[in-house]
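To keep things clear, I will list the structure first and then write my remarks on it.
Note that these values count all heavy atoms, side chains included, but never hydrogens, waters or copies made by symmetry.
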Amino acid sequence: MTPSLKTQVRSLLNLLATLAIGATGALVFSLLSWPLPWMLGSLTSTPLASLLGFTPHIPMRLFTAMLLILGIYAGAALDPSLVFTVWHWPLSLFGMVLLVIATTAVNHWYFRRFAGFDSTTALYASVPGAQSLVLIMGARGGADEKQMLIPQITRVLAVIYFVPLILVSLGDLTGLDINRIRSVPAEAWALPDWQSVVWALGAIALGLWIARRLRWPQPLMLGPLTGVAVLQITGLTDLSIPGQALVPVQFVLGTYLGTKFAKIRWRTAVILSGHSLVALLLTVTLVALMTAFLTLLTDIPAAAIFLAFAPGGLPEMVLIAATLNADPAFVVVHHVVRFLIIAIALPWVYRLSRNR
């Protein structure tokens, strides 16, 4: 049934108010010269508005449109040298496998021992990635949805909020360009020739079709990313997309994630979020140890390794990596591998746990 005109107007006004609230937070963060102001500012102001009684909302269509832009940007950041660089990654990919197992086990123990979760809920609350898939599987598996949802949301929001701050505070140790992070990039660029545009549009469409056909995770991002990446790596195109293109992506993503706390009672959220932050601290400790270890064995920048292992969502981590110029290709590959590990192994782990 088509929504009435009154409902459509109400939804539009709510969207405009939500965007205005997010923009206010972004403006404050910009004036304070804090990192990633468009994402972290909107991510801060939106939950605060919810606490004051407003119900923010971002339509899924707007959010998915940003994923499309992000995929194209990340794909264009690649070049033919990636073929030679990827040979250095098997060790870090093996480290990713170990981290998924270790963090899930440690967090499961914590949620069972200190938060009082049942075994099934603790399992799905502990998995460090593939949030959408985990929530669907957990709901079907009989997990307590509230106890499972809040730790997953808290983990993603905390990672998005604090990981950039941590990396920026470490400065030269991570190899990041601090001036780029604290402001909107002002990069010179030129429009690509029409042949490159045609190639890119065709690759984006084909990538979307393949991603949906094969049921890839985040197809609207990974489809265009893959299509454009193939063109870039093979040398068929040499696209250059300015960093300014990420500003609307940061803004919408930060505002969208901030709306996730709109319908949760704050007393319940605070209690469960406290346990979630402790579990996240355990996870980040393991990630930091693995990052330090691989930094000694490889020449991969510490910021890229940390972002590749951080327990955030695929779109969020790719966005942060692209914004910080921290090897987004490396981050994409590792987060996709983690998604596949979780998608394949989690049903078997759940079945084994039920049979014990």
Quick one: are [X] and [Y] in side-chain contact, heavy atoms under 4.5 Å?
X      : Y      : answer
Trp89  : Ile300 : yes
Leu93  : Val333 : yes
Gln232 : Thr237 : yes
Ser273 : Ile150 : yes
Leu208 : Pro224 : yes
Phe117 : Pro151 : yes
Thr283 : Phe309 : no
Ser45  : Val28  : no

Parallel, tilted or perpendicular, judged at 30° and 60°: which one describes the rings of Tyr350 and Tyr124?
tilted
Dump the intermediate steps for side chain to side chain contact (heavy atoms under 4.5 Å, CB included) on Leu253 and Leu319, then the final yes or no.
CA-CA 9 Å; Leu253 183 60; Leu319 174 58; 3.4 Å; yes
Check: Phe114 ring centre within less than 6.0 Å of Trp109 ring centre
yes
What about His334 and Phe330, are their ring centers closer than 6.0 Å?
yes
Checking Asn14 against Thr55 for the side chain to side chain donor-acceptor pair (under 3.5 Å) test, could you report, in this order, the C-alpha distance in whole Å, the side-chain angles of both residues, the deciding distance, and whether it holds?
CA-CA 8 Å; Asn14 180 273; Thr55 304; over 6 Å; no
Apply side chain to side chain contact (heavy atoms under 4.5 Å, CB included) to Met290 and Ile305, showing your working.
CA-CA 9 Å; Met290 184 64 75; Ile305 297 175; 5.9 Å; no
Side chain to side chain contact (heavy atoms under 4.5 Å, CB included) partner of Trp199, chosen from Ile204, Val228, Leu236
Leu236
Of Val159, Ile320, Val287, Thr291, the residue whose pairing with Leu307 passes side chain to side chain contact (heavy atoms under 4.5 Å, CB included):
Ile320
Is the side chain of [X] donor-acceptor paired with the backbone N or O of [Y] at a distance under 3.5 Å, no angle test?
X      : Y      : answer
Ser42  : Met39  : yes
Thr121 : Asp144 : yes
Arg112 : Ala122 : no
Thr46  : Leu43  : no
Thr226 : Gly207 : no
Thr259 : Tyr256 : yes
Ser126 : His108 : yes
Gln152 : Val134 : no

For the atom pair CD1 (Ile210) and CG (Leu222), what is the distance rounded to the nearest 0.5 Å?
12.5 Å
How far apart are the closest heavy atoms of [X] and [Y], and which atoms are they?
X      : Y      : answer
Val318 : Val331 : N-CG1, 4.4 Å
Trp38  : Ala26  : CE3-CB, 3.7 Å
Pro59  : Leu15  : CD-CD1, 3.6 Å

Evaluate Gln8 against Leu12 for side chain to side chain contact (heavy atoms under 4.5 Å, CB included), listing each step before the verdict.
CA-CA 6 Å; Gln8 293 179 358; Leu12 177 60; over 6 Å; no
Do other residues, nucleotides or ligands put more than 12 heavy atoms under 6.0 Å from Asp118 CG?
yes
Connected via hydrophobic side-chain network under 4.5 Å: [X] and [Y]:
X      : Y      : value
Leu99  : Leu296 : no
Ile271 : Leu277 : no
Phe54  : Leu48  : no

Verify side chain to side chain contact (heavy atoms under 4.5 Å, CB included) between Ser11 and His57, making sure each step is shown before the conclusion.
CA-CA 8 Å; Ser11 298; His57 175 69; over 6 Å; no
